[in-house]
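Beneath this line is the structure, given in structure tokens, with notes to follow.
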Amino acid sequence: TIVGSLVLIGMNTIQYTLMTWMPSLLVGLGYDTSTSQFMTMFGLFGAPFGIFIASLIMDRIPRKVMGVLLLAGMAIFGIIIGVTTQMGLVNMTGLIALTFLMNTIIYMYVCYASAVYVPEMWPTSAKLSGSGFSNAMGRVSNIFFPFLVTNVAASSMGSGGVFILIAIVAAIIAVAVIFLGVETRG
């Protein structure tokens, strides 16, 4: 239940942070509101692409390996986007491409976390209570995480720091899956 909760805390905090905060983060990077909405929209096209890819490969890779790979991918893209935006090394097109790729990985992880790994952790008789508790913990995290995002975005780290925060969350959960997770495939 602890790992299931962590997996869904990661899913909720990372997914909703980007979906909710992306336009504001882009404004913080100097883009106007219209441009930031445009960029967010194109970045979110990674969502259906990620779900499609997940549907093709999810059952071919051991669950723990898949989770760690997706979390590592989110951490890597969080660092890349955070550093390149803070240093002014990426233009609008590059940032759209990076957020598209990150959203692709995030939505692969959403499929993994909510539809595959967490529900498989329990036998049928306990599936709803186990999954339900873990989902509730994931949602509760979203009550508090926006306060942390606001503090990071308002700090000297700015919008780029929020992407670093996402990387840290993904890395912590990857470590939990490696050491505490169970293999549910098969």
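Given the structure is predicted, the values throughout are model-derived calculations rather than measurements.
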Work out which heavy atom in [X] is nearest to a heavy atom in [Y]; give both atom names and the distance.
{"X": "V182", "Y": "Y117", "value": "O-OH, 2.7 Å"}
{"X": "A153", "Y": "L25", "value": "CB-CD2, 4.5 Å"}
{"X": "A170", "Y": "M74", "value": "CB-CB, 4.1 Å"}
{"X": "P119", "Y": "K127", "value": "O-NZ, 2.7 Å"}
{"X": "G28", "Y": "S159", "value": "CA-OG, 3.7 Å"}
{"X": "V118", "Y": "G4", "value": "CG2-O, 3.9 Å"}

Can you tell me how far the [atom1] atom of [X] sits from the [atom2] atom of [Y], to the nearest 0.5 Å?
{"X": "F145", "Y": "I166", "atom1": "CZ", "atom2": "CD1", "answer": "7.0 Å"}
{"X": "I173", "Y": "I178", "atom1": "CD1", "atom2": "CD1", "answer": "12.5 Å"}
{"X": "L8", "Y": "F133", "atom1": "CG", "atom2": "CZ", "answer": "11.5 Å"}
{"X": "I14", "Y": "I9", "atom1": "CD1", "atom2": "CD1", "answer": "11.0 Å"}
{"X": "I57", "Y": "L69", "atom1": "CD1", "atom2": "CG", "answer": "9.0 Å"}
{"X": "R185", "Y": "M58", "atom1": "CZ", "atom2": "CE", "answer": "11.5 Å"}

Under 3.5 Å donor-acceptor, [X] side chain and [Y] backbone:
{"X": "T20", "Y": "T17", "value": "no"}
{"X": "N12", "Y": "N142", "value": "no"}
{"X": "K64", "Y": "E183", "value": "no"}
{"X": "S134", "Y": "S131", "value": "no"}
{"X": "Q86", "Y": "M157", "value": "yes"}
{"X": "Y112", "Y": "R63", "value": "yes"}

Centroid-centroid distance, F38 to Y31, less than 6.0 Å: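 No, ring centres 6.0 Å or more apart.
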Same apolar cluster (I L V M F W Y, side chains within < 4.5 Å links), [X]/[Y]:
{"X": "I172", "Y": "V3", "value": "no"}
{"X": "L56", "Y": "V110", "value": "yes"}
{"X": "M92", "Y": "L29", "value": "yes"}
{"X": "I79", "Y": "Y109", "value": "no"}
{"X": "I61", "Y": "I106", "value": "yes"}

Step-by-step side-chain contact (heavy atoms from CB on, under 4.5 Å) determination, M66 to V116: CA-CA 11 Å; M66 176 60 79; V116 179; over 6 Å; no
More than 12 heavy atoms from other groups under 6.0 Å of CD1 on I2: no
L128, CG atom: more than 12 neighbouring heavy atoms under 6.0 Å: no
Sub-4.5 Å side-chain heavy-atom contact between [X] and [Y]:
{"X": "I80", "Y": "M102", "answer": "no"}
{"X": "F77", "Y": "L101", "answer": "yes"}
{"X": "F100", "Y": "F45", "answer": "yes"}

Test side-chain contact (heavy atoms from CB on, under 4.5 Å) applied to F163 and L18, step by step: CA-CA 9 Å; F163 291 100; L18 281 187; 3.5 Å; yes
Identified side-chain contact (heavy atoms from CB on, under 4.5 Å) counterpart of I164 within the set V83, V152, I81: V83
Verdict with reasoning, L95 to L26, per side-chain contact (heavy atoms from CB on, under 4.5 Å): CA-CA 10 Å; L95 190 53; L26 293 171; 3.4 Å; yes
Residues W122, T1; criterion side-chain contact (heavy atoms from CB on, under 4.5 Å); working and verdict: CA-CA 9 Å; W122 297 276; T1 306; 3.8 Å; yes
